Amino acid sequence: MMHVSTSGPGRRAELKAACAAGVTVVLWASAFVSIRSAGTAYSPGALALGRLLAGALTLGVICLLRREGLPPRAARRGILLSGLLWFGFYMVALNWGEQQVDAGTAALVVNVGPILIALLGARLLGDSLPPRLLAGMAVSFAGAVTVGLSMSGEGGSSVLGVVLCLLAAVAYAAGVVAQKPALGAASPLQVTTYGCLVGAVACLPFTGQLVGEVADAPASATLNMVYLGVFPTALAFTTWAYALARTTAGRMGATTYAVPALVVLMSWLALGEVPGPLTLVGGALCLAGVAVSRSRSGAAAGGRGKAGEPRPDRARDPA
């Protein structure tokens, strides 16, 4: 029997995908700090539109420089769905939800998303659910609940806010599962660019709000909105797509459980919000769960389809 080495190009491709996922997680965590600042001056729809316009402009310039054409027809349905659900609806719903509930409650409810991604990926994409992935997600979700409860303020929640955050989680999960097949036909840059553009078009009804609020908003809030568009959107969604093309939707969703732990750390450093012991324990659980879900044997199981054959997207590496 031929021995297949786990080193060489395959191992390098896996390492590059892990690094791309790491960049995404760090930038998405930083977005929570920026949203808190920009959200004091911008309404939910205006903030989403401004962020998406900044992201689409940045990605459009990169596409022109790299001479990326239109995505293939086979990828357009997935791009359209992910653009409407994840880039458009999710951002508006989350911005609105965070104005109705405290940050801890929002983080707790939105962290239903990775569980939905794993379930939808197994049902619609044929992704496997290896025991290590399920165990890691359980540990991380427990950590997210701990962080959420420790950060929740008294009387800061509303039924509307919880519903909005839950809808955001559902849109996030559906958008990821819709995006995965598109990455089999188009490049990560194409999928991200046109998904961001679709989201921006969907948010155009908020143009009047954005124009009116830009005139009154402080420069710091506007700069945070631009930062959200360039880094947590343009860069982080591209690195996400790069990594998603090389692993399963469930494993990528589990990786985002590191976000609450990083948010705690960034809030501590940037906003002076000192975390309590319970928050630190929750953050440690989030990171431990991600480590379990992405461990070596879990990775091997997660990279195989129903019949046990290697998934072609695992080996795909244009570099």
Side-chain angles (χ1 to χ4, degrees), residues 6-7 9-35 55 58-59 62 86 107 110-111 113-114 117-118 121 130 132-133 135-137 139-141 143-144 147 172-173 175-176 179-180 183 187-189 191-192 196 227-270 280 282-300 302-303 313-319:
T6 57
S7 60
R11 181 59 179 161
R12 286 197 299 271
E14 184 176 321
L15 180 60
K16 288 164 68 175
C19 290
V23 170
T24 297
V25 167
V26 171
L27 290 177
W28 281 356
S30 74
F32 281 84
V33 179
S34 292
I35 287 173
T58 303
L59 290 164
I62 296 173
W86 195 8
V110 171
N111 270 300
I117 290 172
R132 281 181 180 264
L133 173 61
M137 292 183 70
V139 173
S140 288
F141 186 69
V147 171
Y172 157 45
V176 170
Q179 187 186 65
K180 173 68 174 174
L183 290 165
S187 71
L189 183 58
V191 171
T192 306
C196 187
Y227 169 82
L228 287 167
V230 175
F231 293 98
T233 302
L235 177 56
F237 273 79
T238 302
T239 52
W240 163 277
Y242 177 90
L244 180 61
R246 290 155 178 81
T247 188
T248 64
R251 286 189 66 223
M252 279 301 294
T255 302
T256 63
Y257 273 122
V259 170
L262 293 176
V263 170
V264 170
L265 177 61
M266 291 179 181
S267 296
W268 187 359
L269 296 176
L280 293 176
L285 285 173
C286 289
L287 295 177
V290 172
V292 171
S293 68
R294 296 193 67 89
S295 60
R296 189 66 184 165
S297 58
D313 55 18
R314 292 277 300 164
R316 179 180 163 210
D317 187 3

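These numbers come from a predicted model, not from an experiment.
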Undergrad: Checking Phe141 now: which residues fulfil ring-ring contact (aromatic ring centres under 6.0 Å, His included) with it, not counting sequence neighbours?
TA: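 Result, ring-ring contact (aromatic ring centres under 6.0 Å, His included) vs Phe141: none returned.
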
Undergrad: Does any non-hydrogen side-chain atom of Pro114 lie less than 4.5 Å from one of Tyr257?
TA: yes

Undergrad: What distance separates Thr247 OG1 from Lys180 NZ, expressed to the nearest 0.5 Å?
TA: 6.5 Å

Undergrad: With heavy-atom distances below 4.5 Å as the criterion, would you say the side chains of Val26 and Met266 are in contact?
TA: yes

Undergrad: When you compare the side chain of Tyr172 with that of Ile117, does any pair of heavy atoms fall below 4.5 Å?
TA: yes

Undergrad: How far does CH2 of Trp240 sit from CG of Leu27, to the nearest 0.5 angstrom?
TA: 13.5 Å

Undergrad: Return the minimal non-hydrogen interatomic distance between Thr233 and Cys196, and the atom names on each side.
TA: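 In this case the closest contact between Thr233 and Cys196 is CG2-SG, 4.0 Å.
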
Undergrad: For the residue pair Val292 and Val139, establish whether any side-chain heavy-atom pair is separated by less than 4.5 Å.
TA: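 Side chain of Val292 against side chain of Val139, heavy atoms only: no contact under 4.5 Å found.
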
Undergrad: I need the minimum non-hydrogen distance between Ala20 and Ala243, along with the two atoms involved.
TA: CB-CB, 4.3 Å

Undergrad: Taking all atoms of both residues into account, what is the closest heavy-atom pair of Ser140 and Cys286, and its distance?
TA: OG-O, 3.0 Å

Undergrad: Does some side-chain heavy atom of Leu133 sit less than 4.5 Å from a side-chain heavy atom of Met137?
TA: yes

Undergrad: Where do Val290 and Ser293 come nearest, in terms of heavy atoms and distance?
TA: O-OG, 2.9 Å

Undergrad: Are Met252 and Val176 close enough that some pair of their side-chain heavy atoms sits under 4.5 Å apart?
TA: no

Undergrad: If the plane angle is over 60° it's perpendicular, under 30° parallel, otherwise tilted; pick one for Trp86 and Trp28.
TA: perpendicular

Undergrad: At their closest point, which heavy atom of Ala258 faces which heavy atom of Leu287, and how far apart are they?
TA: CB-CD2, 3.9 Å

Undergrad: CG of Leu59 to OG1 of Thr238: how many Å apart, nearest 0.5 Å?
TA: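 It comes to 5.0 Å.
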
Undergrad: Rounded to the nearest 0.5 Å, how far apart are CG of Leu235 and CD1 of Ile62?
TA: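 Reported to 0.5 Å precision, the distance equals 8.0 Å.
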
Undergrad: Check whether the side chains of Ser30 and Tyr227 place a donor and an acceptor atom closer than 3.5 Å, and report yes or no.
TA: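 Tyr227 and Ser30 do have a side-chain donor-acceptor pair below 3.5 Å.
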
Undergrad: Between Ala241 and Pro188, which heavy-atom pair has the shortest distance, and what is it?
TA: CB-CB, 3.7 Å

Undergrad: Can you tell me how far the OG1 atom of Thr192 sits from the CG atom of Leu183, to the nearest 0.5 Å?
TA: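 Here the interatomic distance stands at 7.5 Å.
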
